[in-house]
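In what follows, every chain begins at residue 1, and chains take the letters A, B, ... in the order their sequences are listed. For the numbers below, each heavy atom of this structure counts, side chains included, while hydrogens, waters and symmetry mates do not.
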Amino acid sequence: MLNLKFIQDNPELVIEKLAVKRFDARAIVEKVIELYQRRNEVQNEAETQKAEMNRISREIGQLMKAGNMEEVNLAKEQTVRLKEQIKTFEGEFDLIDEELAQLQVLLPNLPASLVPPGKGAEDNQIVATGGTMPILPEGAKPHWELASQYDLIDFELGVKITGAGFPVYKGFGARIQRALINFFLDQAREHGYLEVQPPYLVNEASGFGTGQLPDKEGQMYHDSTDNLYLIPTAEVPVTNIFRDVIVEGKDLPIKTTAYSACFRREAGSYGKDVRGLNRLHQFDKVEIVQVAHPDKSYDSLNDMVAYVQTLVEKLGLPYRILRLCGGDMSFTSALTYDFEVWSAAQERWLEVSSVSNFESFQATRLKLRFREEGRAKPMIAHTLNGSALALPRIVAAILENYQTPEGIVVPKVLVPYLGGCEIIR
RNA sequence: GGAGAGAUGGCAGAGUGGUCGAUUGCGGCGGUCUUGAAAACCGUUGUACCGAGAGGUACCGGGGGUUCGAAUCCCUCUCUCUCCGCCA
């Protein structure tokens with residue numbers, strides 16, 4: 001979320017920047033400034049009174065010691081009115097503070113200056129492409145048919161056990177999941193990321209910290225008995241490692257990676273978008289997260305994009321990198337690059353990674369700060385994350401792009417992870 | 001799930017109603033001494049908000065209450081530990 005003081009000092013900048021995200025912030029910004037000023041006034045009043053109250057209380061202590069009960073009672077009378085006034089001011093303060101907090105979370109993050117204007121997906125900028133489009137054999141099939149032909153994934157069985165969007169992977173289908181997870185984790189580790197295994201359920205504070213709550217509540221599965229949320233991405237538990245933490249400036253950037261299953265309700269999705277592996281309620285993903293110095297966070301972003309690029313290249317998948325336009329960006333992001341791979345039989349691009357710099361937006365919620373050497377006050381850090389990578393669409397692209405009349409050819413980098421198997425027949 | 005104990009600053013650990021943001025030790029930082037280091041000694045060492053500043057306010061797991069005054073008393077929630085039960 002945006003810092004209140006920043007909003008107060010830069011109202012026009014906030015409004016202008018958020019217009020790029022097609023968000024009309026004027027009314028909220030004006031209200032925030034008004035409330036913020038009022039809150040400070042009330043705070044000043046309340047604190048002046050409290051100071052007086054503290055003074056009298058100390059005095060009473062002295063008088064009691066001296067045994068001067070008459071003056072004690074006199075002093076006590078003084079506090080009655082003060083107490084009431086303090087209560088009134090504090091009540092108003094709490095009210096305003098709550099209202100401010102509610103407004104504050106309505107404002108999206110400001111887009112970085114690189115973010116192109118635009119409404120939706122069609123306005124995203126293609127900043128890089130790579131790989132070569134495969135020439136598929138006669139009678140090439142989409143991945144859901146291949147999955148069933150080679151008995152790799154059973155969608156119907158998943159429907160029986162749970163429901164749509166919860167496939168059962170079998171045999172090489174299951175092994176290729178495991179292979180990809182290990183491949184991605186090994187790669188991340190080699191690039192300096194610390195591997196962690198986070199919880200798959202998180203509490204409300206964590207959901208708030210990364211920005212899923214309060215507004216994206218409907219996208220997460222929720223256990224109401226214990227008030228816990230199933231994670232939609234490892235970003236949530238991993239980033240929340242750093243909630244309420246002050247790190248050393250010299251340790252930045254802090255690079256963390258985690259594999260997790262991800263759970264998304266995906267309310268409102270339908271049609272070809274949810275066919276086969278295109279969109280699932282449960283899927284596997286390896287996530288990379290960085291905590292960075294504010295001056296260096298765009299270096300981190302570039303570093304992460306370059307890293308993800310090596311992954312899709314090693315898998316031999318044709319890909320393109322998009323810089324998302326204002327209208328297509330997430331609420332929390334300042335700059336996002338999406339990776340898409342070509343799904344040759346479906347003849348469409350599939351998003352397999354989204355790499356974002358959140359600047360101080362998450363860190364402000366998280367109270368994630370760092371201490372720079374030689375500087376007294378801790379400062380808010382920057383956070384970034386990216387998929388590296390999400391499995392299902394990678395699997396879809398591999399199945400489709402690597403199909404031959406003899407079977408599915410295994411990408412070279414995965415062969416050692418599949419016990420030397422070079423083709424799935 | 002049942003019974004009991006507990007939660008204090010980076011860590012350990014005092015403090016059971018009055019000047020306590022908090023004794024002390026360790027650790028960290030700065031200094032003296034030393035060719036350098038260690039040891040010893042001296043000093044310093046939380047965060048947030050308000051304020052131009054002086055300074056003020058809040059925070060002793062979270063929330064609420066009693067009181068002129070709460071780390072300290074009461075209620076409640078969460079978590080940790082010990083024992084019992086159950087168990088991958």
| Spacing between A:Ile56 atom CD1 and B:C68 atom C1', to the nearest angstrom | 8 Å
| field | Sugar-phosphate only, base, or nothing, as touched by A:Gln62 at under 4.0 Å among non-hydrogen atoms | value | base
| How is A:Ser57 classified with respect to the nucleic acid when contacts are heavy atoms under 4.0 Å: base, sugar-phosphate, or nothing? | base
| request: For the pair A:Lys21 (side chain) and A:Phe331 (backbone), establish whether a donor and an acceptor sit closer than 3.5 Å, ignoring hydrogens and angles. | output: yes
| task | Pick the C1' atom in B:U57 and in B:G2, then give their distance to the nearest Å. | result | 45 Å
| Inter-nucleotide P distance (B:C74, B:A7), Å rounded | 13 Å
| task | Go ahead and name the base partner of B:A88; Watson-Crick or wobble counts if both distances stay under 3.5 Å, otherwise write none. | result | none
| request: Starting at atom CG of A:Asp244, determine the distance to atom P of B:G9, rounded to an integer number of angstrom. | output: 14 Å
| note | Across all chains, not counting sequence neighbours, the salt bridge (charged side-chain N to carboxylate O under 4.0 Å, His left out) partners of A:Asp284 are none
| note | From CZ of A:Arg81 across to P of B:C68 the rounded distance in Å is 17 Å
| Are any non-hydrogen side-chain atoms of A:Leu2 and A:Asn109 less than 4.5 angstrom apart? | yes
| field | Under 3.5 Å side-chain donor-acceptor pair for A:Ser343 and A:Arg393 | value | no
| C1' spacing across the pair B:C60 / B:C11, given as an integer number of angstrom | 16 Å
| said: Less than 4.0 angstrom from a charged side-chain N to a carboxylate O is my criterion; do A:Glu52 and A:Arg55 meet it? | reply: yes
| task | For A:Ile60, answer base if it contacts any base atom (sugar-phosphate contacts may also be present), sugar-phosphate if it contacts only those atoms, and nothing otherwise; contact means non-hydrogen atoms under 4.0 Å. | result | base
| Starting at NZ of A:Lys65 and ending at P of B:G17, how long is that distance when rounded to a whole Å? | 13 Å
| message | Strictly by Watson-Crick or wobble contacts shorter than 3.5 Å, is anything paired with B:C26, and which nucleotide is it? | response | B:G10
| query | Going by distance alone, is a donor N or O of one side chain under 3.5 Å from an acceptor N or O of the other, for A:Asn203 and A:Ser206? | reply | yes
| query | According to the Watson-Crick and G-U wobble definitions, with both distances under 3.5 Å, which nucleotide is paired to B:A71? | reply | none
| query | Does any nucleotide pair with B:G17 by Watson-Crick or G-U wobble geometry, both distances under 3.5 Å, and what is it? | reply | none
| note | Whole-Å distance, A:Gln49 CD to B:A58 P, equals 13 Å
| query | Counting only Watson-Crick or G-U wobble pairs whose two distances fall under 3.5 Å, which nucleotide matches B:U82? | reply | B:A3
| remark: For B:C41, the nucleotide meeting Watson-Crick or G-U wobble distances (both under 3.5 Å) is B:G31
| field | A:Asp97 CG - B:G63 P separation (whole Å) | value | 13 Å
| Applying the side chain to side chain contact (heavy atoms under 4.5 Å, CB included) test to A:Leu180, which of A:Ile394, A:Leu185, A:Leu418 qualifies? | A:Ile394
| message | Taking the nucleotide of RNA chain B with the nearest heavy atom to each, does A:Met64 or A:Lys87 sit closer to the 5' end? | response | A:Met64
| request: Find the partner of B:C59: check Watson-Crick (N1-N3 plus N6-O4 or O6-N4) and G-U wobble (N1-O2, O6-N3) distances, both under 3.5 Å, and reply none if neither fits. | output: B:G46
| message | Suppose you measure atom C1' in B:C86 against the same atom in B:C77; what distance do you get, rounded to whole Å? | response | 26 Å
| message | Distance check needed: B:U19 C1' versus A:Met53 CE, whole Å only. | response | 17 Å
| Gap in Å between the two C1' atoms, one belonging to B:U8 and one to B:A14, rounded | 10 Å
| request: Could you verify whether a donor N or O on one side chain and an acceptor N or O on the other, from A:Glu235 and A:Gln362, lie under 3.5 Å apart? | output: yes
| query | Does a donor on one side chain and an acceptor on the other come within less than 3.5 Å for A:Gln125 and A:Tyr337? | reply | no
| query | Taking the same atom, P, in B:U32 and in B:G36, what whole-Å distance lies between them? | reply | 11 Å
| field | Complement of B:G53, any strand, by Watson-Crick or G-U distances under 3.5 angstrom | value | none
| said: If I pick the P atom on B:A38 and the same atom on B:G63, what distance separates them, to the nearest angstrom? | reply: 43 Å
| Contact under 4.0 Å: A:Lys83 side-chain N or O vs B:G69 OP1/OP2 | yes
With 3.5 Å as the limit, what N/O pairs link the protein to nucleotides 48-57 of chain B?
unit_1: B:A48; atom_1: OP1; unit_2: A:Arg369; atom_2: NH1; d: 3.2
unit_1: B:A48; atom_1: OP2; unit_2: A:Lys377; atom_2: NZ; d: 3.2
unit_1: B:C49; atom_1: O2'; unit_2: A:Gln43; atom_2: OE1; d: 3.1
unit_1: B:C49; atom_1: O2'; unit_2: A:Gln43; atom_2: NE2; d: 2.8
unit_1: B:C50; atom_1: OP1; unit_2: A:Tyr36; atom_2: OH; d: 2.7
unit_1: B:C50; atom_1: OP2; unit_2: A:Lys5; atom_2: NZ; d: 3.4
unit_1: B:C50; atom_1: O4'; unit_2: A:Gln43; atom_2: NE2; d: 3.4
unit_1: B:C50; atom_1: O2'; unit_2: A:Asn44; atom_2: OD1; d: 2.6
unit_1: B:C50; atom_1: O2'; unit_2: A:Asn44; atom_2: ND2; d: 3.0
unit_1: B:G56; atom_1: N2; unit_2: A:Glu47; atom_2: OE1; d: 2.8
unit_1: B:U57; atom_1: OP1; unit_2: A:Asn54; atom_2: ND2; d: 3.0

| Interatomic distance where CD1 belongs to A:Ile86 and C1' belongs to B:U67 [whole Å] | 14 Å
| said: Using the P atom as the point on both nucleotides, what is the distance between B:G55 and B:U66, in whole Å? | reply: 34 Å
